[in-house]
There are 2 protein chains.
Amino acid sequence: MESLNTAQPVRKRGRPTEDERVERRTQILEAALPIFLEYGFGDTTVDQLAAAARVTKRTLYNYFGNKAGVFTEMQRRLASMVSGDAPAHDTLESLATRIVLRLHSAEMIGLHRLVIAESLRFPELARNLYDNGDLRHISRLADLVRAEWGLNASSSSAAALFSLLLGEDYRRRLLGLIGPATTEEAARHALTALTTIGTGRGDGSH
Amino acid sequence: MESLNTAQPVRKRGRPTEDERVERRTQILEAALPIFLEYGFGDTTVDQLAAAARVTKRTLYNYFGNKAGVFTEMQRRLASMVSGDAPAHDTLESLATRIVLRLHSAEMIGLHRLVIAESLRFPELARNLYDNGDLRHISRLADLVRAEWGLNASSSSAAALFSLLLGEDYRRRLLGLIGPATTEEAARHALTALTTIGTGRGDGSH
DNA sequence: TTTTAATGATACGAACTAGTATCATTATAA
DNA sequence: TTATAATGATACTAGTTCGTATCATTAAAA
């Protein structure tokens with residue numbers, strides 16, 4: 001069921017330098033990510049991983065020991081991916097919009113689905129996603145909530161706001177019922193959530 | 001070395017009546033549920049299912065054709081499980097508490113985790129969970145929101161309320177980071193969510 | 001130059017698994 | 001009573017997959 005040789009750019013053979021080793025390492029991990037995202041851990045075969053990275057299984061086992069080794073190594077590279085980079089200047093609305101756009105993207109939905117599915121087998125993966133994802137987002141939201149709404153807005157506002165930024169649409173996307181969010185949808189969604197938390201009643205009125 | 005059999009209640013052999021057939025059918029499906037919840041679809045073997053149901057593979061294939069047949073048949077029995085039965089008289093607070101207690105239980109978290117993991121392979125399962133779960137909960141919440149808060153509270157209030165009833169704790173449970181909710185935690189959680197939506201700011205103050 | 005570590009290509013073994021087949025058995029249906 | 005459908009118990013087939021092994025090859029290291 002796998003496509004056979006489609007003009008592979010044959011790799012050189014001999015002994016690699018140290019730089020080439022680290023480069024190949026990242027190359028394998030980057031190739032593994034979309035495979036795991038699509039097939040999950042159990043239904044991804046080592047042959048798939050090797051083929052995607054244009055590497056033989058021999059090399060793959062040489063670098064990572066086994067399949068779980070590739071998986072757990074990959075997750076360490078995801079910290080920056082799940083948290084995203086924070087612009088210096090940000091308003092609550094722009095931050096909320098960026099969070100929605102990010103968490104409702106196809107890549108992040110796929111990643112979350114994978115991590116949830118494998119959370120019992122790979123607890124570190126779940127912990128990593130939560131600490132570097134949710135917690136950082138909530139922390140940044142809390143800073144801006146205090147800055148824009150004053151100190152009487154307790155820290156639980158940020159957590160509630162984050163839950164609304166996910167909302168039903170996020171659940172629908174996790175379940176594969178709808179596609180990723182557009183920029184416009186994300187902005188509208190963020191604004192609605194802000195209004196709901198800021199004024200109550202959640203009817204989006206002003 | 002007599003028998004490895006640990007006192008299995010050996011089943012009778014001959015031809016079963018129609019009643020016995022339906023009974024055995026449900027018996028197999030009920031036994032399959034916890035297995036699928038624990039191991040997922042891919043890592044559950046047919047031998048496991050047969051052993052759990054105290055039935056031979058022969059019988060299992062006779063009833064359900066194949067492994068996916070057991071899985072998809074099982075999901076039809078989950079409609080009532082995911083929606084729950086609705087008491088005639090309910091206040092918004094009691095309904096919210098019951099929803100939290102239900103959705104944050106170990107069984108429901110396991111089910112959701114499974115459905116999310118297999119949502120791409122079994123889209124019907126995801127659709128079933130969402131329609132019979134989320135949508136019904138939101139609908140019931142919307143009725144009571146209108147009844148207790150008046151008609152000016154739009155229907156989006158119910159969806160936002162539902163998102164808060166899930167909240168960060170639900171995410172933590174999906175990721176296996178914390179255990180199921182106690183009755184007290186559920187009641188407190190529900191009250192906080194109601195206050196957040198009802199008054200805004202989400203600080204739980206009155 | 002010589003040695004050696006790493007690789008490509010490929011084959012292989014061990015284990016597991018879905019699904020089928022065989023045969024005796026037994027209770028239901030005719 | 002007799003024929004038959006369904007089962008238990010178990011073995012089996014065919015396919016898949018993880019991980020290892022073999023051998024030639026090549027470039028870095030000594």
Side-chain angles (χ1 to χ4, degrees), chain A residues 1-28 31-32 35-36 38-73 118 121, chain B residues 1-28 31-32 35-36 39-73 118 121-122:
Chain A
M1 62 183 178
E2 200 66 26
S3 67
L4 300 183
N5 284 344
T6 58
Q8 299 204 7
V10 178
R11 194 169 305 282
K12 77 174 187 180
R13 294 205 170 181
R15 191 176 186 174
T17 79
E18 190 59 28
D19 287 347
E20 287 172 325
R21 278 188 67 86
V22 298
E23 180 190 5
R24 174 161 299 189
R25 217 183 150 76
T26 66
Q27 165 200 359
I28 294 175
I35 305 293
F36 278 127
E38 181 170 356
Y39 296 98
F41 180 80
D43 290 337
T44 292
T45 70
V46 180
D47 287 313
Q48 273 182 295
L49 296 177
R54 306 278 199 198
V55 164
T56 59
K57 281 204 294 183
R58 184 78 176 75
T59 301
L60 197 148
Y61 279 100
N62 194 7
Y63 277 83
F64 300 101
N66 56 22
K67 187 167 131 183
V70 183
F71 195 73
T72 55
E73 280 293 321
E118 304 298 339
R121 195 184 335 211
Chain B
M1 283 312 141
E2 184 56 20
S3 68
L4 298 178
N5 284 348
T6 59
Q8 298 204 5
V10 179
R11 193 168 306 281
K12 76 174 187 180
R13 295 205 170 179
R15 189 176 187 175
T17 79
E18 191 58 28
D19 286 348
E20 286 172 327
R21 278 188 68 84
V22 299
E23 180 190 7
R24 174 162 297 189
R25 217 182 151 77
T26 66
Q27 164 199 359
I28 294 175
I35 305 292
F36 278 128
Y39 296 98
F41 181 80
D43 289 336
T44 292
T45 70
V46 180
D47 287 313
Q48 274 181 295
L49 296 177
R54 306 275 198 201
V55 164
T56 58
K57 280 205 292 183
R58 183 76 176 77
T59 300
L60 198 148
Y61 279 100
N62 193 7
Y63 277 84
F64 299 101
N66 57 19
K67 185 168 134 183
V70 183
F71 195 74
T72 55
E73 279 294 321
E118 306 297 341
R121 198 190 327 219
F122 298 97

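By the 4.5 Å heavy-atom criterion applied to side chains, A:Arg24 and A:Thr59 are counted as neighbours.
In terms of the side-chain contact (heavy atoms from CB on, under 4.5 Å) criterion, residue partners of A:Thr26 (sequence neighbours excluded) are, by chain and number, A:Arg77.
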At a cut-off of 3.5 Å, list every protein nitrogen or oxygen paired with a nitrogen or oxygen from nucleotides 16-19 of chain C, distance to 0.1 Å.
residue : atom : partner : partner atom : Å
C:dA18  : OP1  : B:Thr44 : O            : 3.4
C:dA18  : OP1  : B:Lys67 : NZ           : 3.2
C:dA18  : OP2  : B:Val46 : N            : 3.1
C:dG19  : OP2  : B:Tyr61 : OH           : 3.2
C:dG19  : OP2  : B:Lys67 : N            : 3.2
C:dG19  : N7   : B:Lys57 : NZ           : 2.9
C:dG19  : O6   : B:Lys57 : NZ           : 2.8

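B:Phe71 pairs in a ring pair (Phe, Tyr, Trp, His ring centres under 6.0 Å) with only one of the listed residues (B:Phe36, B:Phe64, B:Tyr39), which is B:Phe36.
Across the protein-nucleic acid pair, B:Ile28 atom CD1 and D:dA6 atom C1' stand 12 Å apart, rounded to whole Å. Atoms CZ (A:Phe64) and P (D:dC18) sit 16 Å apart, rounded to a whole Å. Following rounding to the nearest Å, A:Leu60 (CG) and D:dC18 (P) show an atom-to-atom distance of 10 Å.
Under 4.0 angstrom from either OP1 or OP2 of C:dA6 there lies no side-chain N or O belonging to A:Thr59.
With hydrogens and angles ignored, the 3.5 Å screen pairs no side-chain donor or acceptor of B:Lys67 with any backbone N or O of B:Leu49. The main-chain N or O of B:Val70 is never found under 3.5 Å from a side-chain atom of B:Glu73 such that the two would form a donor-acceptor pair. Between the side chain of A:Gln27 and the backbone N or O of A:Ala53 there is at least one donor-acceptor pair closer than 3.5 Å.
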5' to 3', nucleotides 22-30 of chain C under a 4.0 Å protein heavy-atom cut-off (B base, S sugar-phosphate only, - none) gives B--SBBBS-
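Using a 4.0 Å heavy-atom distance criterion, B:Tyr63 is classed as a sugar-phosphate-only contact.
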